[in-house]
There are 2 protein chains.
Amino acid sequence: MNQLGESLRDRKKRRTRAALERATVRLAAEKGYDHVTVEEIAAEADVSVRTFFNYFVSKDEALIGADPETGPRMAERILAAPDEVTPFQAYRDSVLAEITDELNNARDLWLLRKEVLMQRPDLLVRAFANSAESEQLLANAVGRRAGLPESDLYPRLLVAAGSAAFRCAVTRWALDDSVALGDLVRDALDLFGTGLAHVPPHHHEGGSS
Amino acid sequence: MNQLGESLRDRKKRRTRAALERATVRLAAEKGYDHVTVEEIAAEADVSVRTFFNYFVSKDEALIGADPETGPRMAERILAAPDEVTPFQAYRDSVLAEITDELNNARDLWLLRKEVLMQRPDLLVRAFANSAESEQLLANAVGRRAGLPESDLYPRLLVAAGSAAFRCAVTRWALDDSVALGDLVRDALDLFGTGLAHVPPHHHEGGSS
DNA sequence: GGATCGTTTTGCAGTGACTGCAACTTTGCA
DNA sequence: TGCAAAGTTGCAGTCACTGCAAAACGATCC
């Protein structure tokens with residue numbers, strides 16, 4: 001292999017993965033998610049069906065383009081943050097970094113995903129179905145960083161909150177993209193940060209308390 | 001039908017649903033979740049496979065025993081709470097009420113579920129895969145109560161936090177049930193309430209725990 | 001105690017996601 | 001060039017899940 005850059009093999013894998021992801025999203029946007037079979041997707045990406053499943057555990061995952069490197073990368077970032085940064089901040093920053101990266105590299109894909117999610121919001125929940133392993137990884141990183149025992153709820157909650165923030169932000173964004181997705185995710189995370197009980201919604205009306 | 005109590009029909013439906021739920025959990029605990037087929041479950045509950053799918057959209061859902069009445073019931077409770085109660089409190093209380101009810105009525109089932117989840121923690125995430133509709137319902141209730149516009153992130157986030165709290169609490173509990181599940185859920189919700197950034201984890205630093 | 005109507009159950013046939021396995025091809029490296 | 005490791009493919013098989021139309025069942029009216 002080349003000394004620093006990726007090997008040919010690695011480059012090919014990346015390309016195949018990207019092609020499958022793109023094919024999934026494109027076809028789903030065009031014909032509706034469940035009118036697309038894995039067979040079609042594989043054909044469009046010019047690989048066999050079996051290969052599709054070598055890259056993604058499920059059709060759902062391919063739609064979101066879950067990348068196995070994301071978890072480890074975020075964990076690393078969390079552990080690498082300077083000492084004076086709180087675990088919350090470290091996690092928050094790693095999420096935001098990941099998102100802005102993603103949006104910079106694949107904004108077009110997200111626009112297509114938006115089409116799909118507008119019609120089938122439930123797919124987003126389902127897409128997280130296989131993320132248990134990643135969550136565990138991140139929770140461990142947060143826990144180590146915070147010096148908390150294995151059994152503590154906090155790391156798990158923080159990570160779950162991250163997923164939730166992302167999920168909600170995307171759902172909201174798919175409905176109306178007048179606010180940038182990145183900003184929505186940040187807002188969501190910050191609400192979790194300051195506490196949902198403290199939020200004094202800017203509501204006039206209703207409870208008139 | 002009887003004027004007030006349930007009709008025979010309704011009673012039978014409840015019994016069938018309960019039997020299917022129980023069969024799923026029992027068999028999964030005994031033989032491992034994916035060594036159990038829907039066919040076996042249906043047989044154990046003494047109904048046809050087709051009937052299984054009349055009650056549950058998926059095997060996953062049957063494991064958790066997702067009840068279609070839960071969502072509406074919680075929504076009602078949220079809207080019925082007195083005016084001086086904040087949206088957060090109203091939601092929090094509805095979650096806790098639901099949980100304690102559930103634990104009082106089906107503690108034995110939860111002990112079996114614990115067996116299953118100890119071996120396959122990912123199943124819990126998956127079990128929420130089809131909850132998009134319920135989440136929407138609850139979010140609407142919260143939103144109405146808080147007098148927020150459709151597009152506001154807050155209701156969605158609050159509801160997602162509820163799911164997350166429940167998920168994390170159960171996961172934690174499955175690992176070590178020295179704290180009651182109900183208490184764990186409450187703790188988790190309260191952490192979301194006060195804010196994840198504010199948490200001063202009781203850590204004494206250093207990995208040497 | 002039927003006749004009737006709406007609801008639930010069931011069987012059946014079909015689709016398609018997903019898996020294990022055992023060739024086969026491609027890439028990395030000496 | 002040649003060998004080992006990694007990736008790809010086809011194939012056969014399992015099983016979750018769906019639509020449909022017939023049958024069984026419960027509620028209601030006479």
Side-chain angles (χ1 to χ4, degrees), chain A residues 1-21 23-24 27-28 31-64 66 68-69 120 122-123 126-127 129-130 133, chain B residues 1-21 23-24 27-28 31-64 66 68-69 120 122-123 126-127 129-130 133:
Chain A
M1 83 166 101
N2 297 339
Q3 54 260 37
L4 246 179
E6 307 168 287
S7 62
L8 203 187
R9 226 175 230 170
D10 289 352
R11 240 176 305 137
K12 265 196 165 176
K13 275 177 74 176
R14 287 175 69 88
R15 260 199 264 130
T16 310
R17 167 173 289 272
L20 284 171
E21 181 182 343
T24 309
L27 288 173
K31 320 175 37 177
Y33 182 72
D34 37 3
H35 295 133
V36 178
T37 70
V38 173
E39 205 172 333
E40 290 175 279
I41 298 171
E44 168 118 351
D46 223 10
V47 292
S48 75
V49 172
R50 196 61 186 77
T51 297
F52 175 96
F53 287 109
N54 286 339
Y55 281 89
F56 298 100
V57 250
S58 70
K59 200 175 138 192
D60 286 0
E61 257 194 26
L63 184 70
I64 301 302
E69 292 175 26
R120 302 270 325 259
D122 60 298
L123 288 179
R126 278 172 46 182
N130 288 84
E133 202 183 340
Chain B
M1 84 164 100
N2 297 338
Q3 55 257 39
L4 247 179
E6 305 170 289
S7 63
L8 205 187
R9 229 174 227 173
D10 289 351
R11 241 176 304 135
K12 266 198 164 175
K13 275 178 75 175
R14 287 174 71 86
R15 261 199 265 129
T16 310
R17 168 173 287 272
L20 284 171
E21 182 180 344
T24 308
L27 289 173
K31 322 176 34 178
Y33 182 72
D34 37 3
H35 295 134
V36 178
T37 69
V38 173
E39 203 172 336
E40 290 174 279
I41 297 171
E44 167 119 351
D46 225 9
V47 292
S48 75
V49 172
R50 195 61 186 78
T51 297
F52 176 96
F53 287 108
N54 287 339
Y55 281 90
F56 297 100
V57 248
S58 70
K59 200 176 139 191
D60 286 0
E61 257 193 27
L63 183 71
I64 301 302
E69 291 174 26
R120 302 271 324 260
D122 60 299
L123 288 179
R126 279 172 42 181
N130 287 85
E133 201 183 340

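Letters A, B, ... mirror the listed sequences (proteins, then strands); counts begin at 1. This one's a predicted model, so the numbers in the text were calculated from it and none came from an experiment. Only this structure's heavy atoms are used, side chains among them; waters, hydrogens and symmetry mates stay out.
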Note, I41(A) side chain near L27(A) side chain (heavy atom, < 4.5 Å): yes

Close side-chain approach of D34(B) and R120(B), heavy atoms under 4.5 Å: yes

Distance in angstrom units between Y33(B) OH and dC18(C) P, rounded: 14 Å

Interatomic distance, N130(B) CG vs dT18(D) P [rounded to whole Å]: 9 Å

Touch class at under 4.0 angstrom, heavy-atom based, for V47(A) against every strand present: sugar-phosphate

Gap between atoms CZ and P, on R15(B) and dT9(C) respectively (whole Å): 12 Å

Gap between atoms CZ and C1', on F56(A) and dT19(C) respectively (whole Å): 18 Å

Rounded distance (Å) that lies between atom C1' of dA5(D) and atom CG of D10(A): 13 Å

Any donor-acceptor pair under 3.5 Å from T24(A) side chain to L20(A) backbone: yes

Contact nearer the 5' end of DNA chain D, comparing F52(A) with T37(B): F52(A)

R11(A) CZ - dT26(C) P separation (whole Å): 17 Å

side-chain N/O S48(A) vs dT8(D) OP1/OP2, d < 4.0 Å: no

Length of the line joining E6(B):CD and dG26(D):C1', which is rounded to integer Å: 15 Å

Donor-acceptor pair present, R50(A) side chain and dG7(D) base, under 3.5 Å: no

Side-chain N or O of K13(B) closer than 4.0 Å to phosphate OP1/OP2 of dT8(C): yes

Y55(A) side chain near dG7(D) phosphate (N/O to OP1/OP2, under 4.0 Å): no

Salt bridge flag under 4.0 Å for residues K31(A) and E40(A): yes

Atom-to-atom span, CZ of F53(A) to P of dC11(D) - whole angstrom: 17 Å

Distance below 4.0 Å between K12(B) side-chain N/O and dC25(D) OP1 or OP2: no

R9(B) (side chain) and dG26(D) (base): donor-acceptor pair under 3.5 Å: yes

Distance below 4.0 Å between T51(A) side-chain N/O and dT9(D) OP1 or OP2: yes

side-chain N/O K59(A) vs dC18(C) OP1/OP2, d < 4.0 Å: no

Donor + acceptor pair across side chains of D60(B), Y33(B) (<3.5 Å): yes

